[in-house]
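The structure appears right after this line, and notes come after that.
The basis for the numbers below is simple: all heavy atoms, side chains too, and nothing from hydrogens, waters or symmetry mates.
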Amino acid sequence: MAKTAAQRQAHYRARRTNGDGERRINTWVTSATDYPLDQLARHHGITRRAILEQLIVEADAAVLRTLDLDTSEWDAYFAVTQ
């Protein structure tokens, strides 16, 4: 029996998640954010995804530089909440 579109999509997402550690994020941003994202991507000649990944990794590194190991701030930053 043929799979439904929802089943095909779920299978595709499961393959992506189990592959090289990629995870799907889905969010809305304002137009005031979307336009500069396009500008940055064009300026650097890379994709919007690459710009987002770069900005997030750089922001995380900046925070980590301010934290001392084995402190409550370090623990709070790495705390897993749901």
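Of all non-hydrogen atoms in D68 and W74, the two that sit nearest each other are O-CB, 3.4 Å. The two atoms that bring K3 and R8 nearest to each other are O-NH1, 2.7 Å, heavy atoms only. Residues S31 and P36 come closest through the heavy atom pair O-CD, 4.3 Å.
Remark: of the listed residues R48, H44, R49, H44 is the sole one forming a side-chain contact (heavy atoms from CB on, under 4.5 Å) with I46.
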Practice task
Run the numbers on Y35 and Q39 for side chain to side chain contact (heavy atoms under 4.5 Å, CB included), then give the verdict.
Solution key: CA-CA 6 Å; Y35 183 68; Q39 286 178 293; 3.4 Å; yes
Problem - Chi angles and distances behind the side chain to side chain contact (heavy atoms under 4.5 Å, CB included) call for L52, L37 - result: CA-CA 8 Å; L52 288 171; L37 178 59; 4.0 Å; yes
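Evaluation of the side-chain hydrogen bond (donor to acceptor under 3.5 Å, both in side chains) rule for T30 yields T33 as partners, not counting sequence neighbours. Evaluation of the side-chain hydrogen bond (donor to acceptor under 3.5 Å, both in side chains) rule for Q54 yields E58 as partners, not counting sequence neighbours.
A distance of 8.0 Å separates NE2 in H43 from CG in L40, rounded to the nearest 0.5 Å.
Counting heavy atoms from C-beta outward, Y77 and L67 have side chains that approach closer than 4.5 Å.
Linking ILVMFWY side-chain heavy atoms closer than 4.5 Å, directly or via other members, places V63 and F78 in a single hydrophobic cluster. Cluster membership check: L69 shares its hydrophobic cluster with L64, using side-chain heavy-atom separations under 4.5 Å among Ile, Leu, Val, Met, Phe, Trp and Tyr.
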